[in-house]
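Below is one structure; the comments refer to it alone.
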Number of protein chains: 2
Amino acid sequence: MSIYDFVQDKLSPQPAMSISAVERETGLGKDTLRVWERRYGFPKPERDGRGERWYPAEQVDRLRLLKRLIDCGHRPGKLLAASEEELDRLSDGRRPETPAGIDEGDDVAEQVIRQIRNHDLPGLRQILRQSLMRLGIERFVIEVAAPLNQAVGEAWTNGELKVFEEHLYTEEMKGLLRQAIASLPAAVNRPRVLLTTVPDEPHLLGLLMVEALLTLDGVPCVPLGAETPLVDIRMAALAHHADAVALSFSLAFPGRRIAALIRCLRDLLPPQVELWIGGAGSRWASKVDNVHVLPSLPLALLAVREWRERHAAQD
Amino acid sequence: MSIYDFVQDKLSPQPAMSISAVERETGLGKDTLRVWERRYGFPKPERDGRGERWYPAEQVDRLRLLKRLIDCGHRPGKLLAASEEELDRLSDGRRPETPAGIDEGDDVAEQVIRQIRNHDLPGLRQILRQSLMRLGIERFVIEVAAPLNQAVGEAWTNGELKVFEEHLYTEEMKGLLRQAIASLPAAVNRPRVLLTTVPDEPHLLGLLMVEALLTLDGVPCVPLGAETPLVDIRMAALAHHADAVALSFSLAFPGRRIAALIRCLRDLLPPQVELWIGGAGSRWASKVDNVHVLPSLPLALLAVREWRERHAAQD
DNA sequence: ATCTGGTAATTGTCCAGGACAACTTGGGGT
DNA sequence: ACCCCAAGTTGTCCTGGACAATTACCAGAT
């Protein structure tokens, strides 16, 4: 790895990155990058004196786009053939373009995105806090946080928000949700729910929203943070006598892996421990048996209610 | 990747992992694992029917240990020869061994680790909260959180704590610190400090501790969360008119990369923006010019004071 | 003794190109 | 409609060679 691996090579007119940097930047493995080059002729990086690949920034941008489309379900073979049609498919959900005057924004999401763009952290903080106070936790989570999340995610993939802007929003929202959760009384009624994500899934926001709703409903939550190895999820569920394990999959998580992962975890957990899957990636989970798929937040509350009815009847 | 990649092979008596899993688990790259096998004869994984490597759990444990020692400055070539002397070197900072009766534990750290081991989340929560209330934020962060962090980290690398137990602690401490930060009034006096970590460094706890101390000192903080790309750190620093950028490196981050990364970021940032480096990995940063290395938490406060004196004199 | 410069060993990452299992697609046949 | 099998796709693994960057070592000069 060169000293300047993390940044564009300043001497060449076009910025370029090493294969490691591209892997980190796009999430595509080194092997995948090489095999794409061999098979499809793209990407076609420059080579330096010793034959090592240097990817121009424009190819890296395209790789990022391809990765996103693949994560959305498109096949690599198709995507790596076309050139301009891709931009078409991309632009599907994208072109609203906020035509100059965005001042009808009584919508909180719109206000928030404007504050993010203005880099006004105190303003952002104030709007979110106000909204939380006015609506209460449940309505805030369902009516504001969830759609806002989606809007920010879309704006990010469309390039309308920079990475650091998205980071700032995420951090702020996480803080706010944690604060809201901490303000609630300790819950004691079953079911006891363990919340986490699988390895390679660092996105925690969705899980925090669920935790807020569950805690509000008197459900004791055991938050394990992100990226817990499956065997540890099993051990944690046993150690904490969990009645259910809730996982969240973001849109960015490679959909193809989800079903296998869940099946695997389902086998690891005792049968009486339920498995709840939420988040944008949950649609890939519907093929698995004995798993509760909860694509939207209110369904988590429903799952709790069902569990309680079932177990009230039994005892 | 096999379906059961994420979990031990249930048929073999000893649990085992694929090379991807070992990479994720130990932080050693696939190439490194293969070249060690070729050169030093360790690790020596089993092979399945199609010649793919399956690493027994004990070898993975040893790899984890080796990784930690290498990160501490030992050379791979030496480590991969000895067998029992390693345990000696390891045991240096380890052997207290809590001899059966641990009931003198008026030390919070000891109590906390006991609660983690007992999987008593309410108890853990209560102890931490009580301690925070009694000591106040500043003393809590410096006298409890920091040493506790180190103790938990060591217990984890020594195998005394499971991954999920460490996750639970980390999550709880993050929540508590965020709550403490949120309880403080909004700060407005410069310097304005931007806090984040570089890509591949997901550990946020140290940064949260700094944020708590800084906010307490009236420093407005811009928390970007973890793993912000270097170019985005630059953009964020410009957009938010930051006076300093604070980075944190955990012990787990590959030390060799640190100096190059920091030099690179130093070049990207405007000269008047200071660069503060903290955390266990900060000792690798001391070679770089124009960078403030802050190996312990109180030094962050000192850096603020110095900045203010310098700029009070100027204006 | 301490510094200095240059040679030698160490070490992580890269490359090529072959192989293959898991998955998807796309027809027939019932 | 449904199911099932063949053909195509696709990511990941393998081997073994190469090399630049870093570190250790040692002799000679100060």
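Every value quoted in this text rests on a predicted model; they were computed, and no experiment measured them. Letters go in sequence order (proteins before strands), and every chain restarts at 1.
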Rounded distance (Å) that lies between atom [atom2] of [N] and atom [atom1] of [X]:
| X | N | atom1 | atom2 | value |
| --- | --- | --- | --- | --- |
| Lys67(B) | dG12(C) | NZ | P | 11 Å |
| Lys78(A) | dG26(C) | NZ | C1' | 11 Å |
| Trp54(B) | dC13(D) | CH2 | P | 10 Å |
| Asp48(B) | dT12(D) | CG | P | 17 Å |
| Arg75(A) | dT9(D) | CZ | P | 9 Å |
| Leu261(A) | dC23(C) | CG | P | 11 Å |
| Leu80(A) | dG11(D) | CG | C1' | 13 Å |
| Leu79(A) | dT10(D) | CG | P | 9 Å |

* Test His203(B) against Thr197(B) for side-chain contact (heavy atoms from CB on, under 4.5 Å), laying out the working first. => CA-CA 8 Å; His203(B) 298 89; Thr197(B) 73; over 6 Å; no

* For Leu28(B) and Val22(B), what are the C-alpha separation, side-chain angles and deciding distance, and is it a side-chain contact (heavy atoms from CB on, under 4.5 Å)? -> CA-CA 8 Å; Leu28(B) 298 163; Val22(B) 176; over 6 Å; no

* Proximity to DNA chain C (any heavy atom under 4.0 Å), residues of residues 29-41 of chain B only ->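 Result for residues 29-41 of chain B: Asp31(B), Thr32(B), Val35(B), Trp36(B), Arg39(B), Tyr40(B), sorted by number.
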
* Sub-3.5 Å donor-acceptor pair from the side chain of Thr196(A) to the main-chain atoms of Gly225(A), do we have one? ->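 Such a contact is found between Thr196(A) side chain and Gly225(A) backbone.
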
* Under 4.0 Å between a side-chain N or O of Arg263(A) and OP1 or OP2 of dA22(C)? ->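 So the side chain of Arg263(A) is outside the cut-off, no N or O lying under 4.0 Å from OP1 or OP2 of dA22(C).
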
* **N or O in side chain of Arg53(B) less than 4.0 angstrom from dC14(D) OP1/OP2** =>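 So the side chain of Arg53(B) is within the cut-off, an N or O lying under 4.0 Å from OP1 or OP2 of dC14(D).
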
* Axial bend angle, the helix from dA1(C)-dT30(D) to dT30(C)-dA1(D): five-pair end segments, nearest 10° ->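 Axis angle across the helix from dA1(C)-dT30(D) to dT30(C)-dA1(D), nearest 10°: 30°.
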
* Asked: Counting side-chain heavy atoms from CB outward, which of dA16(C), dC14(D), dC14(C) is closest to Ile19(A)?
  ->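 Nearest to the side-chain atoms of Ile19(A), counting from C-beta on, is dC14(C).
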
* Minimum-distance nucleotide (side-chain atoms of Ser20(B) versus dC13(D), dT10(D), dC15(C)) ->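 Of the options given, the side chain of Ser20(B) lies nearest dC13(D).
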
* Considering residues at least two apart in sequence or located in another chain, which fulfil the side-chain hydrogen bond (donor to acceptor under 3.5 Å, both in side chains) criterion with Lys67(A)? ->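 In terms of side-chain hydrogen bond (donor to acceptor under 3.5 Å, both in side chains), with neighbours along the sequence ignored, Lys67(A) is linked to Asp71(A).
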
* **Check against side-chain hydrogen bond (donor to acceptor under 3.5 Å, both in side chains), Trp156(B) and Glu154(B)** => CA-CA 5 Å; Trp156(B) 175 68; Glu154(B) 279 173 16; over 6 Å; no

* Consider only side-chain N and O atoms of Glu201(A) and Ser250(A), and report whether a donor and an acceptor are under 3.5 Å apart. =>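 Looking only at side-chain atoms, Ser250(A) and Glu201(A) do form a donor-acceptor pair, the distance falling under 3.5 Å.
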
* Cut-off 3.5 Å, side chains only: do Trp54(A) and Glu52(A) have a donor facing an acceptor? ->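 Result is no, nothing qualifies.
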
* To do: Mind running side-chain contact (heavy atoms from CB on, under 4.5 Å) on Trp36(B) and Leu80(B) for me, showing each step along the way?
  => CA-CA 9 Å; Trp36(B) 280 10; Leu80(B) 284 156; 3.8 Å; yes

* For Leu79(B) and Ile70(B), work out which heavy atoms get closest and say how close. =>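 Scanning both residues, the minimum pair turns out to be CD1-CG1, 3.7 Å.
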
